[in-house]
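One structure is given below, encoded as structure tokens.
What you see below is based on every heavy atom in this structure, not just the backbone, and it leaves out hydrogens, waters and symmetry mates. Being a predicted model, the structure only gives us computed values, none of them experimental. Order of the sequence lines fixes the chain letters, A, B, ..., with proteins taken first and strands second; residue numbering starts at 1 for each chain.
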Protein chains: 2
Amino acid sequence: MASSGAMDTDKLAKGLVEGHLRPLSRAITLIESSNPDHQDYAAKLLDQILPYTGNSVRIGISGVPGVGKSTFIEAFGQLLTAKGHKVAVLAVDPSSQITGGSILGDKTRMEELARDKNAFIRPSPAGSTLGGVAKKTRETMLLCEAAGYDVVLVETVGVGQSEITVASMVDFFMLLQLANAGDELQGIKKGVMEIADAIVINKAEGENRQKAELARGQYMNALHILRPKSKNWTVPVLLASALYNEGVAEVWDMVKDYRGKLTASGEFADKRKKQAVDWLWTMVMDNLKDMFKNSRNVQAMLPQIQEAVVNGTTTPSAASKRLLELFKRY
Amino acid sequence: MASSGAMDTDKLAKGLVEGHLRPLSRAITLIESSNPDHQDYAAKLLDQILPYTGNSVRIGISGVPGVGKSTFIEAFGQLLTAKGHKVAVLAVDPSSQITGGSILGDKTRMEELARDKNAFIRPSPAGSTLGGVAKKTRETMLLCEAAGYDVVLVETVGVGQSEITVASMVDFFMLLQLANAGDELQGIKKGVMEIADAIVINKAEGENRQKAELARGQYMNALHILRPKSKNWTVPVLLASALYNEGVAEVWDMVKDYRGKLTASGEFADKRKKQAVDWLWTMVMDNLKDMFKNSRNVQAMLPQIQEAVVNGTTTPSAASKRLLELFKRY
């Protein structure tokens, strides 16, 4: 990034909206940069491209390592580009702040899709916090939309709260599960079944097919006892074999079905509005927490006050009161 | 509450620790009061009684209206007092800030238990926020422990996040479900199945027995696909008929089993420590949010900034940045 002189964000925005790849890459680099000047440019750029955003289906895809996420996304992405869509593949992986993303770290994982002119693959941004990584991915999603990508896939791994964060930025969240996780049914992580708009059992091929069918029944039973999020959508459990390109088209049909039904009911637009407000408050609270933790008075006392709470020598309310008084003094 | 002169919290603490009912009631009134002087006394009192707290089993009990919570708690409480325990019954019901608690609003709901000398029933404190109600209930729980109650039951209804809040303050969280919710299995609210340490199907009596058995199988299937929270505890699904006093003793046996296993593994103590730190941070964040929302600069601009986010004319990150600048100026 040239540091000499002011940046022409107008030109960058124009090139990006015209769908050129270079301005898109440069814009993402700006967004991912921690340089304050770059951040100012990025903010200006986002304001400029905002009218061109929102025109994609945002799909979150999660699953443990080994579930075949790359193979699935490669097959799914190629199906979509063959149908004339422009597909962006992003990722949220806060565990890899050093390597710059263990998932999607290199494009060799999705060789064919990476060569596809109508697909854009970007590894997870680096960041020490999930909030920071998510912010960059959300903003990159907006850039991709402005650049004409009409399907955005956001991949994540099952680390901490990352699925919940990804679910909060997409229209549709699907969970990939394994058909062949030994004799036991593959367990679903706490909190994840509840945010899934669909479960896709991958690797439902050959000998695994029967296991996958059985698993499907069990997942459906489990989903059945949860109250549905929307009366217009029953969470389906699909079988797929990304490797043999089976069941992948059905996943896309399902997403279209979802979009159609929830657009008709108004829930699709409402969900995005709610996500935007929730994101605003998440960022406000994250920043307030940073302000609090960076307060010198708080920093000086926090370890011993927290220790007293753990040891039961003070109540959490007394401790929080004391910390807030320290914070207000600064 | 006498407002003339300083209060003798030493005396109050002494009376409370000796197990007298009047000081306990007075102390709870202090904790529930919004008078700043009372709050100071309450804080001082809590510090004094803190060494006497922690010696109870804290049990959260949730379920929709109609599931038979009162009947269950009455039967469960009487079983416990008959075994020589002292039982406190508290509640978290943020929906009833005016009436002072729609659940446990009067003791006529649990007539026999209310007459039991070894049981103490307190309706939900009033409060406009779940956080405020929860704070009072948590502190009341500490008072009850100091007063010698060795089993604390915290009742809640399925309103908003109340179950999750109650789960965060108890050792064991059980969800009561209905056996006879028509032909359909009674659905479990989003997020609740994941925090349950046990499911108890109540009203498993007469014609409902068979339905309850069937429901039990379905809940067990569903739980089976969730990864367990602890390798030392598999969430059981029990049948009970509180009305006919069947299966209630088994619920207590289960709680003791849980406490035994998780105490042995160290998880019982760890969970309490984690809850205390989480509570500290919840209170800090709630207070920071209040400070933020009460900032005059923020108040002046918040509606229109939030509106711009909803309408998509500004990004949540730009909006949060602007709001935080307004906040810092104050």
Item to check | Least distance between heavy atoms, B:K321 atom then A:D40 atom | outcome: NZ-OD1, 3.6 Å
Checklist entry - In terms of heavy-atom pairs under 4.5 Å, which option from B:I305, B:N221, B:V277 contacts chain A the most? => result B:V277
Next on the checklist: In the structure I gave you, are the side-chain heavy atoms of B:D47 and A:T314 within less than 4.5 Å of one another anywhere?
Outcome noted: yes
Checklist entry - Does the side chain of B:W281 come within less than 4.5 Å of A:Q306's, by heavy atoms? => result yes
Checklist outcome for this item: Within residues 230-237 of chain A, the residues sitting under 4.5 Å from chain B by heavy atom, in sequence order, are none
Checklist entry - So what's closer than 4.5 Å to chain B heavy atoms on A:K229: side chain, backbone, both or neither? => result side chain
Checklist entry - Is it the backbone or the side chain of B:E139 that comes under 4.5 Å from a heavy atom of chain A, or both, or neither? => result side chain
Checklist entry - Pick from A:A215, A:A222, A:P228, A:G312: which one has the most heavy-atom pairs with chain B under 4.5 Å? => result A:A222
Checklist entry - chain A heavy atoms under 4.5 Å from B:L324: which part of the residue, side chain, backbone, both or neither? => result side chain
Checklist outcome for this item: Scored by heavy-atom pairs under 4.5 Å with chain B, the best of A:L323, A:T53, A:N287 is A:N287
Checklist entry - Crowded around A:Y52 OH? As in, over 12 foreign heavy atoms under 6.0 Å? => result no
Item to check | Option in B:V309, B:L50, B:V310, B:I195 with maximal non-hydrogen atom pairs under 4.5 Å from chain A | outcome: B:L50
Next on the checklist: If you compare all heavy atoms of A:M283 against all heavy atoms of B:S320, which two are closest, and at what distance to 0.1 Å?
Outcome noted: CB-OG, 3.6 Å
Next on the checklist: Are more than 12 heavy atoms, taken from residues, nucleotides or ligands other than B:Q299, located less than 6.0 Å from that residue's CD atom?
Outcome noted: yes
Checklist entry - Under a 4.5 Å heavy-atom cut-off, does chain A meet the side chain of B:K44, its backbone, both or neither? => result neither
Item to check | Portion of A:T313 that has a non-hydrogen atom of chain B nearer than 4.5 angstrom | outcome: backbone
Item to check | Proximal component of B:L223, with respect to chain A [non-hydrogen, under 4.5 Å] | outcome: neither
Checklist outcome for this item: Applying a strict 4.5 Å limit to non-hydrogen atoms, the region of B:L302 in contact with chain A is side chain
Next on the checklist: If you count heavy-atom pairs within less than 4.5 Å of chain A, which of B:K273, B:Q218, B:K274, B:M285 leads?
Outcome noted: B:M285
Checklist entry - Looking only at heavy atoms, what is the nearest atom pair of A:P316 and B:A276, with distance? => result CG-O, 3.5 Å
Checklist entry - Are any non-hydrogen side-chain atoms of A:W279 and B:S317 less than 4.5 angstrom apart? => result yes
Checklist outcome for this item: Whatever's closer than 4.5 Å to a heavy atom in chain A on B:L226 counts as both
Next on the checklist: If I measure from the heavy atoms of chain A, does B:K289 come under 4.5 Å with its side chain, its backbone, both, or neither?
Outcome noted: both
Next on the checklist: With a 4.5 Å cut-off on side-chain heavy atoms, are B:T315 and A:L280 touching?
Outcome noted: no
Checklist entry - Do the side chains of B:F327 and A:L288 get nearer than 4.5 Å, heavy atoms only? => result yes
Checklist entry - Hey, does A:M291 have a side-chain heavy atom less than 4.5 Å from the side chain of B:K328? => result yes
